[in-house]
Protein chains: 2
Amino acid sequence: MTSVDEPARSNGRTRDAARTQAEILDVATREFARVGYAGARVDDIAARTSTTKRMIYYYFGGKEQLFTAVLERAYGVIREAEQRLDVEHLDPVAAIRRLAELTFDHHEQHPDFIRLVSIENIHEAEHIAASEKLGRIGSPALDVIRRILAAGRESGLFTAEVDAVDLHAMISSFCFFRVANRHTFGALFGRDLVDPAQREHYRTMLGDMVIAYLTAERTGG
Amino acid sequence: MTSVDEPARSNGRTRDAARTQAEILDVATREFARVGYAGARVDDIAARTSTTKRMIYYYFGGKEQLFTAVLERAYGVIREAEQRLDVEHLDPVAAIRRLAELTFDHHEQHPDFIRLVSIENIHEAEHIAASEKLGRIGSPALDVIRRILAAGRESGLFTAEVDAVDLHAMISSFCFFRVANRHTFGALFGRDLVDPAQREHYRTMLGDMVIAYLTAERTGG
DNA sequence: TGACTAACTTACCAGTTCGTACATTAGCCA
DNA sequence: TGGCTAATGTACGAACTGGTAAGTTAGTCA
């Protein structure tokens, strides 16, 4: 396949800094998600790319910075997805349910990201804290929740005191746990939380839970 | 400092297999929880005990088996605590709320255990799966939930189709997430989920959520 | 077209890390 | 009280692992 005309590539590919970096990030993401930060091996990551270990140090500086770069890109993908959220044309109840479902879907579709977050928590979020790109990045979903809650309160459907960050935590908890802890949960209780046959069941359960919470009459004062 | 009379214990302690093993497990639990399985160093664990690395291999066989032993003991502690649950004298609504609160407290009081569970999930629960003591161990809390749900259904207070394992997952999700993900959540949203000043707030929120879910009228059919 | 720089490769090292061979001793029991 | 065994300590090594020194090549631009 190597044609004579093409400008002299040593092994079938030309030099391309962006592509090399992207490939390293792809592989590193998989490896860090698979075995954790300490469990990942720079040599292994390099071996799984079409480039060499030296390039990791050339572009990223070291293992630690590579992990930070992986986190930065992963969170960037999440942010982008959240920016595409389009639920505010619905009434508040339907909008929150839809938002919860999309969060649910998103967690299910990005198990590697979930694992990276777990791993970063084991390291007490030190890489996020050290990253300029990631400190207090917030979340577009949060703004959406804020607006829906305001609309829900105005229409009198939702309990007044619910906070957007708290609701985000509530929704995320369920979605995160289901993916992150599926292995221990499955081993201990014999139930696969990510079983496709149960998917609709848990998706509905999450929506029911959140809506029930938001629309319930509080007893206490 | 070494006196001549004393029956020659080299450094002030007698031989005691049980104590040595327990000490190793204590230290190993802290270390594994602190830096993960791959991040933990056998030499470091040994250095933090009053015995030597040789003893770890003598009693446990290796790093992998030591981690499994740590998990087995940690889950044992949880089981014991759950066996002391005493909520069934309450009416179903109060009982579930109380159970949720105790689960909440328990997660807060055992952050090391939470971290070990996160770590074991990164390893896809392979140690639990390989352990004779831990496979399908279930949970005493589950039986309690089952009985309360039955009582709640009979009295007509609870929605009929709620499953005990699912409810356990729902309660655990919130409690687990709050402790396990507090670092990334705090770094990204500037809110400490484990802030003592917010403790009552989140504890109430969990109870409200679960009760709202259980007592809500389902719309769908 | 030739020199300059970014992109890349190879080979290697120093420190680490799990594990073990070997030596020793405390304490119990006949 | 003396011997036996579980318990313990010391020293070491082979493989691994993050990181780097030194050199090479592709592509671009004056």
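The shown structure was predicted, so the numbers you read here are calculated from the model rather than taken from an experiment. So that the names make sense, note that chain A is the first sequence line, chain B the second, and so on, each numbered from 1.
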Original post:
Has the side chain of B:K53 got a donor or acceptor that lies under 3.5 Å from a partner of the other kind on the base of C:dG19?
Top reply: yes
Subject >> Stacked cation flag B:K133 on B:Y75, 6.0 angstrom / 45 deg >> reply: no
What nitrogen or oxygen pairs link the protein and nucleotides 21-24 of chain D at under 3.5 Å?
from, atom 1, to, atom 2, distance (Å)
D:dA21, N6, A:R54, NE, 3.3

Subject >> Main-chain N/O of B:H127 paired with B:S131 side-chain donor or acceptor, under 3.5 Å >> reply: no
**OP:** Mark yes or no for whether A:R115, through its side chain, and A:R34, through its backbone, hold a donor-acceptor pair below 3.5 Å.
**Re:** yes
**OP:** Considering just the side-chain nitrogens and oxygens of A:T51, establish if one lies under 4.0 Å of OP1 or OP2 belonging to C:dC8.
**Re:** no
Subject >> Presence of A:Y57 side-chain N/O under 4.0 Å of D:dG19 phosphate oxygens OP1/OP2 >> reply: yes
**OP:** Verify the neighbour count for atom CD of B:E132: are there more than 12 heavy atoms of other residues, nucleotides or ligands below 6.0 Å?
**Re:** no
d([atom1], [X]; [atom2], [N]) in whole Å:
X     : N      : atom1 : atom2 : answer
B:M55 : D:dG9  : CE    : P     : 7 Å
B:F60 : D:dT8  : CZ    : P     : 12 Å
B:E64 : C:dT17 : CD    : C1'   : 15 Å
B:I45 : C:dG19 : CD1   : P     : 11 Å
A:Q21 : C:dA7  : CD    : P     : 8 Å
B:D16 : C:dT25 : CG    : C1'   : 16 Å
A:Y58 : D:dA26 : OH    : C1'   : 12 Å
A:E31 : D:dG18 : CD    : P     : 11 Å

**OP:** Check B:V117, B:I137, B:L142 against A:L188 for a side-chain contact (heavy atoms from CB on, under 4.5 Å) and give me the one that passes.
**Re:** B:I137
Subject >> Of B:H107, B:E108, B:Q198, B:M205, the residue whose pairing with B:R178 passes side-chain contact (heavy atoms from CB on, under 4.5 Å) >> reply: B:E108
Original post:
Picking from D:dG19, C:dG19, D:dT10, which would you name as closest to the side chain of B:K63?
Top reply: C:dG19
Original post:
Heavy atom of residues 33-44 of chain A under 4.0 Å from DNA chain D: which residues?
Top reply: A:A40, A:R41, A:V42, A:D43
Original post:
Does A:F60 reach the side chain of A:M55, with side-chain heavy atoms less than 4.5 Å apart?
Top reply: no
Original post:
Taking NZ, NE, NH1 and NH2 as the nitrogens, is one of them in A:R79 or A:E82 under 4.0 Å from a carboxylate oxygen of the other?
Top reply: no
Original post:
Considering residues at least two apart in sequence or located in another chain, which fulfil the salt bridge (Lys or Arg N to Asp or Glu O under 4.0 Å) criterion with B:R30?
Top reply: none
Original post:
Which part of the nucleic acid does B:Y59 contact within heavy-atom distance under 4.0 Å: base, sugar-phosphate only, or nothing?
Top reply: sugar-phosphate
